[in-house]
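Down below is the structure, laid out as structure tokens.
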Amino acid sequence: MDFIRIAQLSDIHISHDGSPVRGLDVRAQLLSILAVLKQEALDLLVFSGDLAASDGEPGAYRWLQQQMDDFPVPVLYMVGNHDRLAVMREHLNFTIPSALPDVHCFAHRVKQHLLLFLDTGSYLLSQAQIDWLRDTCAQHSDNILLFIHHPPLFCGCGFMDHQHALGNREEVWAALHKIPNIQHIFCGHYHTERTVSRDGKNLYITPSTMMQISTHSNTFSVDHTHPGWRMIEWDGSQLLTHVHYHPSIADTTTSVS
Ligand SMILES: [Fe+2]
């Protein structure tokens, strides 16, 4: 089986007009990573939600699409809780239509491998998506990679687990538990790097390209501001994944509030 090579960028939180977000030049941070990724041999680039700074700002999506227009490999956009699907549809090039109305969930094949993408922009995974996930996986005998913005488990991350966890995570995990051909689940949302294993499945949290949140406190505090991203290599059986951090922009930041 062929290896596929995917880059996952998450929680880029681009501002409407280029202004800093929490004192950080989030556009420059993303561009610094894209410059690295353009030199990589990729099959796919995934933005796993929270593309907009706060509330689906149109200028964020317009700017992002402009940056991605000449990107050399297919680019897929997912919905996070800071995104607004209607605005995304207006400004981003959604190459794959949603399998369901009112959300953006879809399947994408890279070489012979199937990848599924869910929409938890409402802080819930809808029953319709749970049903679609179960039925799609049942129709496919090979292993499948799953991407979902919110981790469907508590992950030992104080503030995010306590304040911002997926609302129906127990129901979602119960559904995932019954799907044997999903073994690897890629998330964002938590602004940290973490791997959690349960029931024979591995859940990987990918850090933000904006800033990382401390996992040690039940109140919000910034861990560090190095923009991170994840590389995924998979042949349907063996998975290699690691996180990179880009140091240069973070070293020039002056304030985070
Ligand atoms: Fe989020």
Side-chain angles (χ1 to χ4, degrees), residues 1-11 33 36-37 39-49 72-78 80 96 105-120 125 129-130 132-134 136-157 166 169 172-209 212 215 227-246:
M1 297 280 264
D2 294 333
F3 267 92
I4 58 174
R5 204 148 184 267
I6 304 163
Q8 181 193 1
L9 304 185
S10 204
D11 301 84
I33 296 171
V36 173
L37 293 180
Q39 308 303 315
E40 297 273 346
L42 297 176
D43 295 297
L44 181 68
L45 174 57
V46 176
F47 285 94
S48 56
V73 301
V75 177
L76 299 179
Y77 303 107
M78 294 169 61
I96 304 171
C105 71
F106 52 96
H108 179 62
R109 199 175 280 275
V110 181
K111 297 178 180 170
Q112 67 270 49
H113 303 300
L114 190 66
L115 286 57
L116 300 182
F117 302 83
L118 301 174
D119 178 341
T120 55
L125 186 70
Q129 288 187 84
I130 294 172
W132 175 77
L133 176 66
R134 183 196 59 231
T136 304
C137 294
Q139 293 162 11
H140 195 80
S141 56
D142 293 330
N143 290 329
I144 295 168
L145 294 189
L146 179 66
F147 290 80
I148 175 171
H149 177 72
H150 288 70
L153 285 175
F154 277 153
C155 300
C157 300
L166 181 67
R169 63 193 171 278
V172 174
W173 193 264
L176 285 168
H177 188 43
K178 296 177 186 167
I179 301 177
N181 51 342
I182 289 181
Q183 294 157 2
H184 302 291
I185 302 162
F186 296 91
C187 310
H189 182 58
Y190 270 34
H191 289 242
T192 195
E193 170 189 354
R194 186 147 292 216
T195 303
V196 181
S197 297
R198 179 173 163 183
D199 300 331
K201 302 181 191 300
N202 298 314
L203 186 155
Y204 308 92
I205 302 178
T206 293
S208 165
T209 67
Q212 317 313 330
T215 58
W229 75 97
R230 179 178 295 280
M231 294 296 304
I232 302 162
E233 295 173 84
W234 186 56
D235 68 353
S237 175
Q238 183 176 4
L239 183 113
L240 308 169
T241 184
H242 52 277
V243 163
H244 294 269
Y245 290 97
H246 197 295

Output all residues satisfying ring pair (Phe, Tyr, Trp, His ring centres under 6.0 Å) with His113, sequence neighbours left out; order by chain, then residue number. Trp234

To the nearest 0.5 angstrom, please state how far the SG atom of Cys155 sits from the CD1 atom of Ile205. 3.5 Å

The reported gap from NE2 in His184 to OG1 in Thr195 (rounded to nearest 0.5 angstrom) is 11.0 Å

Provide the closest heavy-atom pair for Gln8 versus Ser48 in the form atom of the first, atom of the second, distance. NE2-OG, 2.9 Å

How would you list, by chain and number, every residue that makes a salt bridge (Lys or Arg N to Asp or Glu O under 4.0 Å) with Arg194, sequence neighbours excluded? none

For His150, check ring pair (Phe, Tyr, Trp, His ring centres under 6.0 Å) against everything at least two apart and list the hits. Tyr123, His189

With sequence neighbours left out, what residues match His177 under ring pair (Phe, Tyr, Trp, His ring centres under 6.0 Å)? none

If every non-hydrogen atom of His140 is compared with every non-hydrogen atom of Ile144, which pair is closest and at what distance? CD2-CG1, 3.6 Å

Residue set satisfying side-chain contact (heavy atoms from CB on, under 4.5 Å) with Ala138, at least two apart, ordered chain then number -> none

For Ser141, side chain to side chain donor-acceptor pair (under 3.5 Å) partners two or more places apart: none

In Å and rounded to the nearest 0.5 Å, what is the CG to CD distance from Leu118 to Gln129? 5.5 Å

Hey, are the side chains of Gln183 and Leu239 touching, using non-hydrogen atoms and a 4.5 Å cut-off? no

Can you name the residues that form a side-chain contact (heavy atoms from CB on, under 4.5 Å) with Gln39, not counting sequence neighbours? none

What residues form a salt bridge (Lys or Arg N to Asp or Glu O under 4.0 Å) with Arg198, not counting sequence neighbours? none

Minimal heavy-atom distance between Gly228 and Thr209, with the atoms involved, is O-CG2, 3.5 Å

Leu42 and Leu37 have their tightest heavy-atom pair at CD1-O, 4.0 Å

Going by side-chain contact (heavy atoms from CB on, under 4.5 Å), name the residues that satisfy it together with Asp43, two or more places apart in sequence or in a different chain. Ile4, Arg5, Val110, Lys111

Go through the structure and list residues passing side chain to side chain donor-acceptor pair (under 3.5 Å) with Arg230, not counting sequence neighbours. Thr206, Thr241

Under 4.5 Å between any side-chain heavy atoms of Leu115 and Ile6, yes or no? yes

Rounded at 0.5 Å granularity, tell me how far CG in Leu133 sits from CG in Leu116. 6.5 Å

Starting at CD1 of Ile96, measure out to OH of Tyr77 and round the result to the nearest 0.5 Å. 12.0 Å

Any Cys187 side-chain heavy atom under 4.5 Å of Pro152 side chain: yes

Checking side-chain contact (heavy atoms from CB on, under 4.5 Å) between His149 and each of Leu166, Asp11, Leu125, Asp119, which is the one that passes? Asp11

Non-hydrogen side-chain atoms of Ile179 and Leu146 separated by less than 4.5 Å: no

So, using side-chain contact (heavy atoms from CB on, under 4.5 Å) as the criterion, who are the partners of His244 when residues are at least two apart? Trp229, Met231, His242

Could you tell me whether the side chain of Pro151 reaches within less than 4.5 Å of the side chain of Val196, counting heavy atoms only? no

Atom CZ in Arg169, atom CG in Leu176: separation rounded to 0.5 Å? 14.0 Å

Residue list, ring pair (Phe, Tyr, Trp, His ring centres under 6.0 Å) with Phe186, at least two apart or on another chain: Phe147, Tyr204

Taking all non-hydrogen atoms of both residues, which atom of Gln212 and which atom of Tyr245 are closest, and how far apart? NE2-CE2, 4.2 Å

Exam field: side chain Lys201 to backbone Ile185, donor-acceptor pair closer than 3.5 Å: no

Answer yes or no: is there a side-chain heavy-atom contact under 4.5 Å between Thr120 and Val172? no

